[in-house]
Amino acid sequence: MTTGPTEVAPIIVTALFGRKDTAFFDSMRREHFPPERNQLDAHLTLFHHLPPSGLDELKHRLNQETRGIRAPQARVGGLMSLGRGVAYRIESPELVGIRARLADAFTGMLTPQDAGGWRPHVTIQNKVSPQVAKLLLGNLQRDFTPKDVEIAGLGAWWYRGGPWEAISRHMFA
């Protein structure tokens with residue numbers, strides 16, 4: 001399914017993890033996400049829907065936030081219930097600051113979802129029954145210990161109704 005010309009496809013912005021952490025989160029998604037719904041690699045969404053008209057400004061701001069800048073410290077601080085799924089909660093005051101600056105820059109263009117509060121997380125299970133989600137949450141919480149994760153960069157993606165299409169990657173120093 002496609003939306004047509006690039007101009008009508010919304011833009012998604014994510015944080016990019018380092019290889020080791022990407023492999024871990026992806027393996028958890030493969031293990032726990034319903035296979036027919038698992039079209040994407042694990043990701044940490046900063047914005048779900050920015051207008052394509054802001055692409056040049058977005059790329060400029062993503063470059064400003066990353067070029068020559070040390071990567072923000074981050075960690076998996078806990079687990080989150082999504083009701084019908086489970087996610088790892090990501091804690092990173094520096095990444096929260098980056099997202100806040102970007103949100104300020106795009107005020108007036110944000111959807112209600114993106115303008116509301118941000119809960120940084122990586123979804124590893126979604127669209128299952130509440131009972132299945134509760135069971136996984138309990139199992140993961142039993143052995144959970146916080147761990148540091150690497151935020152390697154920021155990415156922008158076209159959303160055309162299926163798997164996302166890469167626009168640009170902006171890596172930290």
Side-chain angles (χ1 to χ4, degrees), residues 11-50 58 62-63 65-100 102-103 113-114 117-173:
I11 299 168
I12 298 167
V13 179
T14 67
L16 304 172
F17 291 106
R19 282 190 183 132
K20 181 180 81 172
D21 298 313
T22 296
F24 168 74
F25 290 130
D26 280 346
S27 72
M28 294 301 286
R29 271 179 80 92
R30 281 191 303 275
E31 186 175 344
H32 301 293
F33 216 94
E36 68 279 3
R37 295 186 173 275
N38 194 13
Q39 298 184 11
L40 303 170
D41 290 337
H43 53 279
L44 171 55
T45 304
L46 277 71
F47 297 96
H48 296 87
H49 187 130
L50 292 177
L58 175 64
L62 293 176
N63 279 332
E65 293 289 352
T66 57
R67 185 171 290 151
I69 307 291
R70 185 178 57 83
Q73 292 185 323
R75 73 181 199 145
V76 177
L79 291 143
M80 292 173 52
S81 170
L82 303 176
R84 296 179 64 84
V86 176
Y88 284 105
R89 183 172 34 84
I90 304 298
E91 298 172 349
S92 175
E94 294 167 283
L95 191 58
V96 169
I98 290 169
R99 190 203 182 270
L102 292 170
Q113 181 180 21
D114 286 334
W118 184 52
R119 299 183 314 155
H121 65 278
V122 178
T123 302
I124 59 159
Q125 181 190 61
N126 206 4
K127 311 291 190 211
V128 299
S129 73
Q131 297 83 1
V132 168
K134 187 175 181 178
L135 181 63
L136 176 61
L137 181 63
N139 288 341
L140 292 175
Q141 283 178 328
R142 244 188 319 279
D143 297 323
F144 179 79
T145 56
K147 72 174 197 161
D148 291 339
V149 291
E150 177 190 4
I151 304 293
L154 303 174
W157 312 82
W158 294 119
Y159 176 68
R160 301 182 195 277
W164 302 347
E165 182 182 323
I167 297 172
S168 60
R169 293 166 46 100
H170 308 265
M171 307 310 286
F172 290 104

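These numbers come from the heavy atoms of this one structure, side chains and all, not from hydrogens, waters or symmetry mates. Since the structure is predicted, the reported quantities are computational estimates derived from the model, not experimental observations.
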Can you tell me which residue among T123, L44, V76, D41 is in a side chain to side chain contact (heavy atoms under 4.5 Å, CB included) with F25?
V76
Any heavy-atom pair between the side chains of F24 and V149 that's under 4.5 Å?
no
Test item: D148 and R75 side chains (from C-beta on) under 4.5 Å apart, heavy atoms:
yes
With no hydrogens and no angle check, is any side-chain donor or acceptor of S92 less than 3.5 Å from a backbone partner on Q73?
yes
The side chain to side chain contact (heavy atoms under 4.5 Å, CB included) partner of Q125 among L82, L137, V132 is V132
Look only at the side chain of D114 and the backbone of F47, and say whether a donor-acceptor pair between them is shorter than 3.5 Å.
no
Reported CE-to-CG distance for the pair M171 and N63, which is rounded to 0.5 angstrom:
12.5 Å
Work out which heavy atom in L46 is nearest to a heavy atom in T14; give both atom names and the distance.
CD1-C, 3.6 Å
Quick check: do V13 and R99 have side-chain heavy atoms less than 4.5 Å from each other?
no
Heavy atoms, side chains only, cut-off 4.5 Å: are I124 and F33 in contact?
no
Which atom pair, heavy atoms only, marks the closest approach of G155 to L16?
N-CG, 3.8 Å
Just so I know, are the side chains of L95 and W118 near enough to count as touching, which here means a heavy-atom distance under 4.5 Å?
yes
Less than 6.0 Å separating the ring centroids of W157 and H43?
no
Do any N or O atoms from the side chain of R70 and from the backbone of F172 form a donor-acceptor pair under 3.5 angstrom?
no
Evaluate side chain to side chain contact (heavy atoms under 4.5 Å, CB included) for L140 paired with M28, printing each intermediate quantity in order.
CA-CA 11 Å; L140 292 175; M28 294 301 286; 3.8 Å; yes
Which value, rounded to the nearest 0.5 Å, describes the distance between H121 atom NE2 and T45 atom OG1?
7.0 Å
Minimal heavy-atom distance between L40 and P163, with the atoms involved, is CD2-CA, 3.9 Å
I11 vs Y159, test: side chain to side chain contact (heavy atoms under 4.5 Å, CB included). Steps then yes/no.
CA-CA 6 Å; I11 299 168; Y159 176 68; over 6 Å; no
Where do A133 and G85 come nearest, in terms of heavy atoms and distance?
CB-N, 3.4 Å
For P72 and I98, which heavy atoms make the closest approach, and how far apart are they?
CG-CD1, 4.4 Å
Are any side-chain N or O atoms of R89 and backbone N or O atoms of M80, one a donor and one an acceptor, separated by less than 3.5 Å?
no
Going from NE2 on H48 to CD1 on I12, what distance comes out if it is rounded to the nearest 0.5 angstrom?
8.0 Å
Between Q131 and L135, is any pair of side-chain heavy atoms under 4.5 Å apart?
no
What is the distance from atom OG1 of T22 to atom CZ of F17, rounded to the nearest 0.5 Å?
7.0 Å
For the NE2 atom of H170 and the OG1 atom of T66, what is their distance to the nearest 0.5 Å?
6.5 Å
So, taking the atom named CZ in R29 and the one named CD in Q39, what distance separates them when rounded to the nearest 0.5 Å?
9.5 Å
Please report the closest heavy-atom contact between P34 and K127, naming both atoms and the distance.
CG-O, 4.1 Å
H32 side chain reached by V86 side chain, heavy atoms, under 4.5 Å:
no
